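So the structure is just underneath, and the comments pick up after that.
Numbering of ligands and ligand atoms starts at 1, following listing order. One-based numbering along the sequence shown. Computed from a predicted model, the values in this text were never measured in an experiment.
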Amino acid sequence: MNVPFLDLKAQYLTIKDEINASINDVIDKTAFAGGPFVAQFEREFSDFCNCGHAIGVGSGTEALWLPLLASGIGTGDEVITAPTTFIATAEAISFCGATPVFVDVDEQTYNMNPDLLEAAITPKTKAIIPVHLFGQTADMDPIIKIARKYNLVVIEDACQSHGGEYKGKRSGSIGDAGAFSFYPGKNLGAYGEAGAIVTNNAELASKIQMFRDHGQSKKYYHGMIGWNARMDGIQGAILSTKLKHLESWTEARRKNASLYNELLLNIDGIITPYQAGYTRHVYHIYAIRVKNRDKLIERLAQKEIFCGIHYPVPVHLQEAYNFLGLSKGSFPIAEKCAEEFVSLPMYPELTEAQIKYTTDEIKKLL
Ligand SMILES: *Cc1c(COP(=O)(O)O)cnc(C)c1O
């Protein structure tokens, strides 16, 4: 049996006619850059997130960058985030001219540990970016409380948590803004690159709208220096079509995760994902932790079961961030997890038989 890590084709085949029709519609109306299909998706996605505004952009990286810029964050400022994330979170901070400052993660949830947050705040701190890693929201209440105390902006990195919830609130709707990625492999994936920012702050929303479109509110009248960070029309139409299915896909992911949990229960040497009581985990990634993972990954691949690692090197130890002067030992939990993570195949179309085959092989190997 073959168990790919991700199977985008399987999903496309279930919605092929709808997708093809929506692409044709965009071509018919030649609404390629921004335009009505993006505007419609923005309305639908803001409703989905229970937020007043959604702004479609070109990627999740831009969705993190623009709210920082629009909040006036720049050279000399510090922005706090977690080292257990994709590098884009830190890059968005760096591309404002600011410096990323890391706070270690909690060993159970792999998200920013709020108990360590206050100690990382300095007079230069302007914002916090909690990352909702793997589809589980960070513990937002204590983070927001500290942010309010020090007057800091909170931007959620919700790039892995479409439809996730924290105490009944939608992921992305809790801080000042939420950043989503629609990279093809994400829970809601475009057929190309795309992202969006959601916010309940109308002033922030209109600033971000200007930033993503060359600082113009009227064509060729530029009130400020912006950028081209618009979403493609075709991506907007595809995302609208796919959004209708997201809830059932999320339920399928959660069901797959439960089955994995059940079949991997009480196996020595495996730590399965922990779902905190305050969250609705949407399992973008189903990551277990094991020692000596390389051997396991290699042997599973021989059985045509393909795993991933998210992420093998925490951001503070990436070569790109050498200049921060952070060495091994700076964030011990993040470092330990990075050495032990193994992401098992996870997508809505994964079958029970594939999950059973995968867990049987894992049991044999451990
Ligand atoms: C995917 C991802 C991003 C970046 O999104 P892109 O659309 O690839 O630019 C940022 N942060 C996290 C946590 C992500 O998983």
(message) Tell me whether His162 contacts the main-chain N or O of Ser181 through its side chain, where contact means a donor paired with an acceptor under 3.5 Å.
(response) yes
(request) Please confirm whether the backbone N or O of His281 pairs with a side-chain atom of Arg254, one donor and one acceptor, at under 3.5 Å? (result) yes
(request) For a ring-ring contact (aromatic ring centres under 6.0 Å, His included) with Phe341, tell me which candidate from Tyr110, Tyr286, Tyr311 qualifies. (result) Tyr110
(request) Report the relative orientation of the aromatic rings in Trp249 and His245; use parallel for angles under 30°, tilted for 30 to 60°, perpendicular for over 60°. (result) parallel
Dump the pairs for me: ligand 1 N or O, protein N or O, distance under 3.5 Å, to 0.1 Å.
residue  : atom   : partner : partner atom : Å
ligand 1 : 5 (O)  : Ser181  : OG           : 3.2
ligand 1 : 7 (O)  : Gly60   : N            : 2.8
ligand 1 : 7 (O)  : Ser181  : OG           : 2.6
ligand 1 : 9 (O)  : Gly60   : N            : 3.3
ligand 1 : 9 (O)  : Thr61   : N            : 2.9
ligand 1 : 9 (O)  : Thr61   : OG1          : 2.5
ligand 1 : 11 (N) : Asp157  : OD1          : 3.4
ligand 1 : 11 (N) : Asp157  : OD2          : 2.9
ligand 1 : 15 (O) : Gln160  : NE2          : 2.8
ligand 1 : 15 (O) : Lys186  : NZ           : 3.0

(message) Would you say the ring centers of Phe41 and Phe48 fall short of 6.0 Å from each other?
(response) no
(request) Check whether the ring centres of Phe180 and Phe45 lie less than 6.0 Å apart, and answer yes or no. (result) yes
